[in-house]
Number of protein chains: 4
Amino acid sequence: MTNSLSSELPPAGPEHSRGNVRRGADKRERLVAAARRVIYEQGVETTTLAHIAAAADVPLGNVYYYFKTKDALVSAVIESYRQSYGVLSAELAQQESPVGRLKALVQFLTSRRDQLATYGCPIGSLSSELDKREDALRSDAATILAGLIDWAEVQFRAMGREDARELAVALIAAYEGIALLAATLQDPTLISTEGGRLLRWIDSLNQLPSGNPPRAETTG
Amino acid sequence: MTNSLSSELPPAGPEHSRGNVRRGADKRERLVAAARRVIYEQGVETTTLAHIAAAADVPLGNVYYYFKTKDALVSAVIESYRQSYGVLSAELAQQESPVGRLKALVQFLTSRRDQLATYGCPIGSLSSELDKREDALRSDAATILAGLIDWAEVQFRAMGREDARELAVALIAAYEGIALLAATLQDPTLISTEGGRLLRWIDSLNQLPSGNPPRAETTG
Amino acid sequence: MTNSLSSELPPAGPEHSRGNVRRGADKRERLVAAARRVIYEQGVETTTLAHIAAAADVPLGNVYYYFKTKDALVSAVIESYRQSYGVLSAELAQQESPVGRLKALVQFLTSRRDQLATYGCPIGSLSSELDKREDALRSDAATILAGLIDWAEVQFRAMGREDARELAVALIAAYEGIALLAATLQDPTLISTEGGRLLRWIDSLNQLPSGNPPRAETTG
Amino acid sequence: MTNSLSSELPPAGPEHSRGNVRRGADKRERLVAAARRVIYEQGVETTTLAHIAAAADVPLGNVYYYFKTKDALVSAVIESYRQSYGVLSAELAQQESPVGRLKALVQFLTSRRDQLATYGCPIGSLSSELDKREDALRSDAATILAGLIDWAEVQFRAMGREDARELAVALIAAYEGIALLAATLQDPTLISTEGGRLLRWIDSLNQLPSGNPPRAETTG
DNA sequence: TATGAATGAGGGTTCATTCAT
DNA sequence: TATGAATGAACCCTCATTCAT
């Protein structure tokens, strides 16, 4: 199930597919993909436009034709993440029950454990860095995590939980928190273990009354 | 109890207490305090030595008398955090039971909610930024979060939990995760709510026999 | 014969030919020429990139577009000397006999006496300074003197001297030694006199059978 | 014979003889000795007062009590070399004939071959570096090489050579030149070979009439 | 005399951004 | 559109020199 998902979130992008001429139209995409990857691995502040340009195989001077400033490119990266999470939620929507969808999210987390243990969560580390600013960029990045929380809240609500918001926040906090710990301690097993714990936790929430009766679910 | 604690972790240090000349002995401390504050508010990469020097009211050139490089100063900041957490654990040790100590940690978290919702967790955001590097600094910073987890594990162990490690990781992950969310969404209430949830969760763990998988509490 | 030579080795390059804009292509050359001149006159360590940039009429920041580091620029200067000595040896090759070539070298030395008596031999003083380092630059610069010796050895060999290597070393040592003395004592006549002595010495070697220890000439 | 000599010229000085309190009087000497050594190994420009102070085990601030400026310390180093050459000439004076004295000088050169092949001639490299300046320091350093030449001239004159000056310049040029080559190519054998050649050259000068009959000599 | 602690003027280097073509 | 080449502000760091004690 998470097959397709597992390749969504991680920063993708052409490594160096030289040889055939690419239309100018996709240069922008290549830049965003390269920026996403490089920024994920190095952080916004450390990453250089020259570095991104090189990774995208685009002349430095040309970058400014597509992005007025470095911040504009970072903003495009954020937008790119937004799209990725759109794809993700579409994938998750294939699950028939809210519990299944939530558990699929956790399994998606677990599937990325090695990557997360190296550079952390792309969204989390980006948000963490941008939290130090007072830009539009900060609030821009914030919408992604907010969207994730909202999505989880919808699921918990569908389970009949009146504390859906609280649970959603708790779930995403655990998600981001374990990604941080795994990256900091460079230990992917932390994610597996915590993933298992979260799966059980979600199950436990489903079995207990909370107000409205939860819908029956098909997936375990 | 957390009265004193609440002033430990947050970056301390005189903002600009000009007027009376301070002897050189404490200059180093002033620099570390200023660095801690400024780095907390702006991030490592964005923070300039000139900025730190100004915040500490020390001539830029003089900084290098105390710290050979910027990294050395950052390292001193990390060490400063290590000491702060030493103080914190001493405070927490005043609680008679492990449950009390764990809950005191959560209360300490809650007491800092406004600060956390502004710049995030000092340790978490610092670690997140340093996770992008491969320095000694990265592993240096990692020891602090590792220490926190170890501390929590000891408490859970003292509660008779055989899954103490897993619980400790989960607790600190929740701690760091909620700090990140609060900062990103700029919403301190997230911390209060999650703090409450964690307190109940800790209580629930205390009532369950060890060996069984810990069950998260269901509702508030 | 040495007319053209005399303008090869000495640092060349426009001093400040302002007025007509030069295209970027030759900027690199201008920088190398300026660096060569300034370094020759001031030494590597004393010379500032800002100084070189000013001498080349290039904005300081722009220097780094052409040379990644100061050392890279110094390396380019060394390469520039290598080329100059290539030109020199081509000129010397016009002499029909090895004796003629060796004597032409000495005459080249003599023709530069005023310059040498002011700042010393460009290669010698550069090598002397770099000898204090353990860089790649040190060995880089060394290849030039090594090349000179090799060239002289070839000539002596062509004269039938079995002690060609020893003679070559002696000749270049005398060459560099007299340049140092002339510069230190600021006396160009030292070079003229020693030049004459070396010419006679070369002639005397030509008359003696190889295998016998070379005998220096006795008087002028 | 050159036993004592061989330890005169090379930069000497206490390495780190801590443990017993030294009188303040010799601090100056320690500084000069340390400066001599460090400058010999690193060059004037590269050498830091802090480095010298550390090598001499003298607090940095204290250096300025003995030497008003860095240049003053360099000047003292030059003076120190002057004294060393005084000692050297005294040693050489023990030879009964001028030829013996000249050959003893060459043997002194040869005895230092390993050191010379590493850092070059202390006087030569110092002069070479100072030749780039227009200081008093430049002419100050020049007096040492001038003194050496003068000394050699006296010897050649005593041999009855009317071209004594020219020969003296040639000898010292060969001396400095071979030291430069050996250091640049990092090959001590160059010095041995050239030393042998110079010895034979001196002998050959002694056997040939030049005007005045040379004095008989005792040593070979 | 002695010394730890300033001080401040650079020096090498980076980099977002702009310019000219 | 595209791009090589500028540009200049800023950053980290060094170091001779001075100061206060």
Side-chain angles (χ1 to χ4, degrees), chain A residues 23-25 27-28 44-53 57-74, chain B residues 21-28 31 45-53 57-74, chain C residues 21-28 31 44-53 57-74, chain D residues 21 23-25 27-28 44-53 57-74:
Chain A
R23 301 265 142 261
K27 262 191 181 176
R28 203 192 130 96
V44 174
E45 221 59 47
T46 303
T47 294
T48 283
L49 274 187
H51 193 161
I52 294 173
D57 198 21
V58 168
L60 175 56
N62 202 9
V63 172
Y64 282 85
Y65 178 77
Y66 297 96
F67 302 98
K68 252 195 163 181
T69 66
K70 182 184 179 183
D71 277 5
L73 179 48
V74 175
Chain B
V21 183
R22 298 183 221 72
R23 290 287 141 257
D26 64 327
K27 240 183 185 178
R28 204 192 130 95
L31 279 168
E45 224 58 49
T46 304
T47 294
T48 280
L49 277 184
H51 196 154
I52 295 174
D57 198 24
V58 168
L60 175 56
N62 197 14
V63 172
Y64 288 88
Y65 183 79
Y66 296 94
F67 301 97
K68 272 197 162 185
T69 64
K70 182 183 177 182
D71 275 6
L73 179 47
V74 175
Chain C
V21 184
R22 298 182 221 74
R23 292 283 141 258
D26 65 327
K27 241 183 185 179
R28 204 192 130 95
L31 280 168
V44 173
E45 223 58 49
T46 303
T47 294
T48 279
L49 276 185
H51 196 154
I52 294 174
D57 198 23
V58 168
L60 176 55
N62 198 14
V63 172
Y64 287 87
Y65 182 80
Y66 297 95
F67 300 97
K68 272 196 161 182
T69 65
K70 181 184 178 183
D71 275 6
L73 180 46
V74 175
Chain D
V21 184
R23 300 266 143 260
K27 262 190 183 176
R28 202 193 129 95
V44 173
E45 222 59 46
T46 303
T47 294
T48 283
L49 274 187
H51 194 161
I52 294 173
D57 199 22
V58 168
L60 174 58
N62 201 9
V63 172
Y64 283 84
Y65 178 77
Y66 297 97
F67 302 98
K68 252 193 163 182
T69 66
K70 184 184 177 182
D71 277 5
L73 180 47
V74 175

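In what follows, every chain begins at residue 1, and chains take the letters A, B, ... in the order their sequences are listed.
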task = Go ahead and write out DNA chain F as dot-bracket, 5' to 3': ( ) for pairs within the strand, [ ] for ones crossing earlier pairs, | when the partner sits on another strand, dots for unpaired; Watson-Crick or G-U wobble, both distances under 3.5 Å.
result = .||||||||||||||||||||
note = D/Phe67 CZ to E/dT3 P, in whole Å, measures 16 Å
note = Heavy atoms of A/Tyr64 and A/Thr69 approach each other most closely as CE2-CA, 4.3 Å
Distance in angstrom units between B/Asp26 CG and E/dG4 C1', rounded = 15 Å
ask   = Would one find a side-chain N or O of A/Asn62 under 4.0 angstrom from OP1 or OP2 of F/dT3?
value = yes
message = Rounded to whole Å, how long is the line connecting atom CD1 of C/Ile52 with atom C1' of E/dG12?
response = 12 Å
task = Round to a whole Å and report the spacing from OH of C/Tyr65 to P of E/dT18.
result = 18 Å
note = Rounded to the nearest 0.5 angstrom, the NE2-OG1 distance for C/His51 and C/Thr46 is 11.0 Å
Atom of D/Pro59, atom of D/Ala53 and distance for their closest heavy-atom approach = C-CB, 4.4 Å
ask   = How many angstroms lie between CG in D/Asn62 and CG in D/Asp57, if you round to the nearest 0.5 Å?
value = 11.0 Å
ask   = Do the non-hydrogen side-chain atoms of C/Val63 and C/Ile52 ever get within less than 4.5 Å of each other?
value = no
Report all interatomic pairs (protein N or O, nucleotide N or O of nucleotides 12-14 of chain F) with separations under 3.5 Å.
from: F/dC12; atom 1: OP1; to: B/Lys70; atom 2: NZ; distance (Å): 3.2
from: F/dC12; atom 1: OP2; to: B/Leu49; atom 2: N; distance (Å): 3.1
from: F/dC13; atom 1: OP2; to: B/Tyr64; atom 2: OH; distance (Å): 3.3
from: F/dC13; atom 1: OP2; to: B/Lys70; atom 2: N; distance (Å): 2.7

note = Closest non-hydrogen atoms of C/Phe67 and C/Arg28, given as atom of the first, atom of the second and distance, are CE2-NH1, 3.4 Å
remark   = When rounded to whole Å, the OH to C1' distance for the pair D/Tyr66 and F/dT18 reads 18 Å
inquiry  = Minimum heavy-atom separation for C/Thr47 and C/Lys70, please, with both atom names.
reply    = O-NZ, 2.8 Å
